[in-house]
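Throughout, a chain's letter reflects where its sequence line sits, starting with A, and its residues are numbered from 1. Quantities reported herein were computed from a predicted structural model and do not represent experimental measurements.
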Protein chains: 2
Amino acid sequence: MAITIKDVAKAAKVAPSTVSRVISNSPRISEKTKERVREAMKELGYHPNFNARSLANKSTKTIGLVMPNSANKTFQNPFFPEVIRGISAKVHQLDYGLYLSTGQSEDEIFEEVQDMVQGRRVDGIILLYSKVEDRVIKYLHEEQFPFVIIGRPYDDTLKGITYVNNDNFKAAKTVTEYLLLLGHKCIAFIGGNLDFVVTIDHMQGYDRALRNAGIEPRDDYIVFHEELQEGGQEAVIDLMSLPERPTALIVADDIMTFGVMRMLNEMEIHVPDDISIISFNNVMISELSTPPMTTVDINIYNLGYEGANCLIDLILHPDIGARKVIIPHKMIKRQTTQRLATNAVAPEVN
Amino acid sequence: MAITIKDVAKAAKVAPSTVSRVISNSPRISEKTKERVREAMKELGYHPNFNARSLANKSTKTIGLVMPNSANKTFQNPFFPEVIRGISAKVHQLDYGLYLSTGQSEDEIFEEVQDMVQGRRVDGIILLYSKVEDRVIKYLHEEQFPFVIIGRPYDDTLKGITYVNNDNFKAAKTVTEYLLLLGHKCIAFIGGNLDFVVTIDHMQGYDRALRNAGIEPRDDYIVFHEELQEGGQEAVIDLMSLPERPTALIVADDIMTFGVMRMLNEMEIHVPDDISIISFNNVMISELSTPPMTTVDINIYNLGYEGANCLIDLILHPDIGARKVIIPHKMIKRQTTQRLATNAVAPEVN
DNA sequence: ATGAAAGCGCTAACAA
DNA sequence: TTGTTAGCGCTTTCAT
């Protein structure tokens with residue numbers, strides 16, 4: 001068996017409880033004995049047993065990460081390593097650990113979350129996605145278990161939920177306005193999975209900007225696709241088959257944009273000369289597209305970092321109220337956007 | 001407090017030990033009582049306490065994942081979500097959980113691993129990288145703790161280590177030979193971090209193929225870069241500044257290839273007309289480069305899946321010997337390679 | 001087939 | 001300041 005607190009106690013000629021107090025650095029132990037105990041620990045190579053600790057403590061010092069179902073390709077988005085990096089950073093500072101969900105389907109994930117919560121496997125949970133009708137959110141909320149959402153809850157009836165999000169509505173609106181100012185009138189929107197709240201927020205921002213500009217959004221300019229890569233490509237096929245082709249595209253995700261640009265390239269439609277593109281996220285590779293894409297940097301790392309921050313606060317001070325943190329975004333202008341060529345459509349002079 | 005085994009026992013009018021036996025589905029309990037107990041569990045919404053279980057059991061049913069230090073951009077490689085997806089799949093089948101390392105530096109990671117091992121936080125560990133001189137590997141080996149490496153140990157003196165790898169030497173050799181057969185003589189190699197074993201294997205495969213073809217490898221055709229994106233771009237600058245430019249590039253990683261192609265594009269060097277490229281990994285986005293890249297599919301998902309498989313075997317049957325699994329790779333020909341244009345260099349007729 | 005009780009390694013209330 | 005002891009929730013002999 002591994003070496004326990006008793007062994008240390010024996011070696012240092014103190015009681016186990018004293019050792020325990022030394023571990024938690026209790027001020028009620030004299031420096032001399034602390035030293036003695038610490039030495040014994042070093043010598044014996046003592047490491048506290050986690051489960052025993054958690055059991056006695058009712059605190060695991062670990063937080064659970066719930067991903068979207070990993071069967072899906074969604075998971076391959078570099079978004080995830082990056083949020084996790086942010087979460088890791090914060091969590092590590094405060095000596096928390098990370099436990100990962102492994103479920104491949106919604107049902108499996110739901111079960112896992114139940115086990116984490118009821119089995120006291122984690123002290124809190126971060127949801128790495130936000131879906132429209134989500135049992136997990138409802139469950140966590142009912143259980144009053146500490147959790148935070150990266151994104152936002154869709155259901156407004158659920159009060160008191162802490163989340164960390166971007167202002168995705170605003171971002172999409174701004175981006176649309178920008179395209180409008182560049183003279184584009186035919187702006188299409190390629191969204192992700194409609195189950196995700198972010199997709200809805202994007203679309204509404206887009207919609208609003210158009211309407212504000214007096215343009216009636218057209219159904220055939222709005223498409224949604226689940227899959228990241230194929231999705232982008234299919235969307236392009238659909239849109240470019242339209243009698244009146246769009247001159248600008250707003251794409252939900254940088255990875256999708258890669259697919260979009262691939263397909264456009266095959267069709268010999270040039271970016272940005274023939275068509276402008278703006279997308280969202282600004283993951284690491286985004287600047288490596290040819291041409292480098294204009295995109296909205298949503299500060300993924302900070303979404304994670306702040307999420308972890310909020311969660312740990314919530315765990316430590318359960319009485320603290322719910323927080324809603326908005327991480328600022330920023331449009332990164334690169335080379336996929338351009339003023340609408342005047343020969344395309346006669347510009348209104350107004 | 002949450003509901004415990006005792007509550008269930010009371011409700012079902014049996015002893016706690018009986019409930020425990022029902023949980024582990026012991027054959028020594030009658031079907032009738034099993035039913036009764038199960039019903040009580042359902043009704044009360046019982047979920048076993050994880051830590052209590054682990055403590056009594058000396059088994060946590062969770063495996064630790066050790067990543068390269070996440071401070072580094074390495075972590076952003078879509079490689080990681082994909083291995084994890086493979087690991088998840090296997091691990092989930094057998095009801096294991098995943099615990100993630102969060103260390104940002106080598107020292108932090110080493111400490112974490114120690115805690116995981118000595119603190120009995122996990123039953124086994126998967127190393128998601130393989131570095132040349134690695135304390136973690138040495139430690140795990142000394143402790144005889146169950147672990148597997150994705151990749152391979154560099155130090156041959158460490159016997160009995162289970163690992164799951166590709167034949168990276170062979171892959172690099174084949175790829176070089178392929179380029180040779182396409183008429184290329186000036187083939188450069190852009191490697192990753194030299195601390196990683198895979199980089200060394202790649203380079204040696206490249207080296208061997210050239211020598212076999214009677215070509216002396218040139219130092220200035222071999223460059224290494226740590227960072228994924230910038231790396232690729234800098235490498236191109238270096239190589240294209242050479243008096244005798246390479247006509248083909250072997251790039252360590254698809255993401256790097258994106259950087260390479262970006263830079264090449266800026267220099268108006270056309271792929272594949274002016275220069276051919278082959279890289280490694282075939283992550284999801286690889287097919288979305290323009291033009292789509294020729295790359296070696298290393299079957300990342302399976303690396304993870306098999307790694308998890310081996311580890312769990314190792315945990316369940318500690319007496320089983322070390323295994324070395326080689327996951328097959330496969331060159332995916334897309335559009336970044338081409339026979340050397342004859343006007344570039346006079347081909348030898350031989 | 002089932003129950004009683006000890007123990008996994010640690011913490012915390014209570015004593016001293 | 002330190003020791004004693006009773007749990008934390010579960011598993012597992014050992015009885016019955």
Side-chain angles (χ1 to χ4, degrees), chain A residues 1-38 40-41 44-62 95 97 115-123, chain B residues 1-38 40-41 44-62 95 97 115-123:
Chain A
M1 239 2 278
I3 140 133
T4 81
I5 214 174
K6 283 191 182 174
D7 302 318
V8 178
K10 212 161 290 173
K13 295 181 193 307
V14 294
S17 52
T18 303
V19 178
S20 174
R21 290 190 183 103
V22 174
I23 291 173
S24 54
N25 198 24
S26 159
R28 315 170 10 152
I29 299 291
S30 75
E31 273 310 320
K32 313 107 206 288
T33 46
K34 271 190 188 173
E35 257 331 296
R36 200 146 42 87
V37 170
R38 287 203 179 109
M41 298 201 308
L44 301 182
Y46 170 78
H47 283 251
N49 179 307
F50 246 109
N51 297 300
R53 211 153 204 251
S54 302
L55 186 57
N57 259 347
K58 277 136 176 24
S59 146
T60 59
K61 283 283 226 170
T62 114
D95 272 316
D115 284 349
M116 288 192 209
V117 171
Q118 312 272 4
R120 298 287 177 267
R121 194 167 187 149
V122 298
D123 292 346
Chain B
M1 239 2 281
I3 141 129
T4 81
I5 214 174
K6 282 190 182 174
D7 302 319
V8 178
K10 211 159 290 172
K13 294 181 192 308
V14 293
S17 49
T18 303
V19 178
S20 175
R21 289 189 184 103
V22 173
I23 292 173
S24 52
N25 198 21
S26 159
R28 312 171 14 155
I29 300 290
S30 75
E31 273 312 319
K32 312 108 205 286
T33 46
K34 272 190 189 173
E35 257 331 297
R36 200 146 42 87
V37 171
R38 288 203 181 109
M41 300 202 305
L44 301 183
Y46 169 77
H47 283 252
N49 178 305
F50 209 76
N51 297 298
R53 212 152 204 251
S54 300
L55 186 58
N57 261 345
K58 279 132 176 23
S59 146
T60 60
K61 283 283 225 169
T62 114
D95 273 314
D115 284 349
M116 287 192 208
V117 171
Q118 312 273 2
R120 298 285 179 268
R121 196 170 186 143
V122 299
D123 292 346

TODO: Give one of base, sugar-phosphate or nothing for B:Tyr46, where a contact means two heavy atoms less than 4.0 Å apart.
DONE: sugar-phosphate
- [ ] Please determine, for the side chain of B:Ile29, which listed nucleotide (D:dT2, C:dT2, D:dG3) has the closest atom?
- [x] C:dT2
TODO: Would you classify B:Val19 as touching base, sugar-phosphate or nothing, given that sugar-phosphate means primed atoms plus P, OP1 and OP2, and contacts are heavy atoms under 4.0 Å?
DONE: nothing
Task: B:Lys6 NZ to D:dC8 P, straight-line distance once rounded to whole Å - done: 6 Å
Task: Exceeds 12 heavy-atom contacts within 6.0 angstrom, atom NZ of B:Lys61 - done: yes
- [ ] Provide, to the nearest angstrom, the distance between the CG atom belonging to B:Asn57 and the P atom belonging to D:dC10.
- [x] 11 Å
TODO: Count the heavy atoms of every other residue, nucleotide or ligand shown that sit under 6.0 Å from NZ of B:Lys10, and state whether that count exceeds 12.
DONE: no
Open item on the list: Let me spell it out: for each of A:Phe50 and B:Arg28, pick the nucleotide of DNA chain C with the closest heavy atom. Which residue's pick is nearer the 5' end?
Closed with: B:Arg28
Open item on the list: For a quick test of reading the model: is some side-chain N or O of B:Thr4 closer than 4.0 Å to OP1 or OP2 of D:dG9?
Closed with: no
TODO: Would you kindly give the CZ-to-C1' distance between B:Arg53 and D:dC8, to the nearest whole Å?
DONE: 16 Å
Open item on the list: What is the separation between atom CZ on B:Arg21 and atom P on C:dA1, rounded to the nearest whole Å?
Closed with: 11 Å
Task: Separation between CE of B:Met116 and OG1 of B:Thr62, rounded to the nearest 0.5 Å - done: 8.5 Å
Task: Rounded distance in Å - CG (B:Leu55) to C1' (C:dC10) - done: 8 Å
Task: Contact check, side chains of B:Thr33 and B:Val22, non-hydrogen atoms, under 4.5 Å - done: no
Open item on the list: Suppose we call a contact any N or O donor and acceptor under 3.5 Å apart; does that hold for the side chain of A:Ser17 and the base of D:dT4?
Closed with: yes
Open item on the list: Once you apply a heavy-atom cut-off of 4.0 Å, does B:Ser54 come out as touching a base, just sugar-phosphate, or nothing?
Closed with: nothing
Task: A:Asn49 CG to C:dT11 P, straight-line distance once rounded to whole Å - done: 10 Å
Task: Euclidean distance, B:Leu44 CG relative to B:Ile3 CD1, rounded to 0.5 Å - done: 3.5 Å
Task: Value in whole Å for how far the P atom of D:dC10 lies from CG of A:Asn51 - done: 13 Å
Task: Upstream residue (5' side of DNA chain D) when A:Ser30 and B:Thr18 are each assigned their closest nucleotide - done: A:Ser30
- [ ] Identify whether any heavy atom of B:Ser24 sits under 4.0 Å from a base atom; if not, whether one sits that close to sugar-phosphate; answer base, sugar-phosphate or nothing.
- [x] nothing
Task: Whole-Å distance separating the NZ atom of A:Lys58 from the P atom of C:dC10 - done: 17 Å
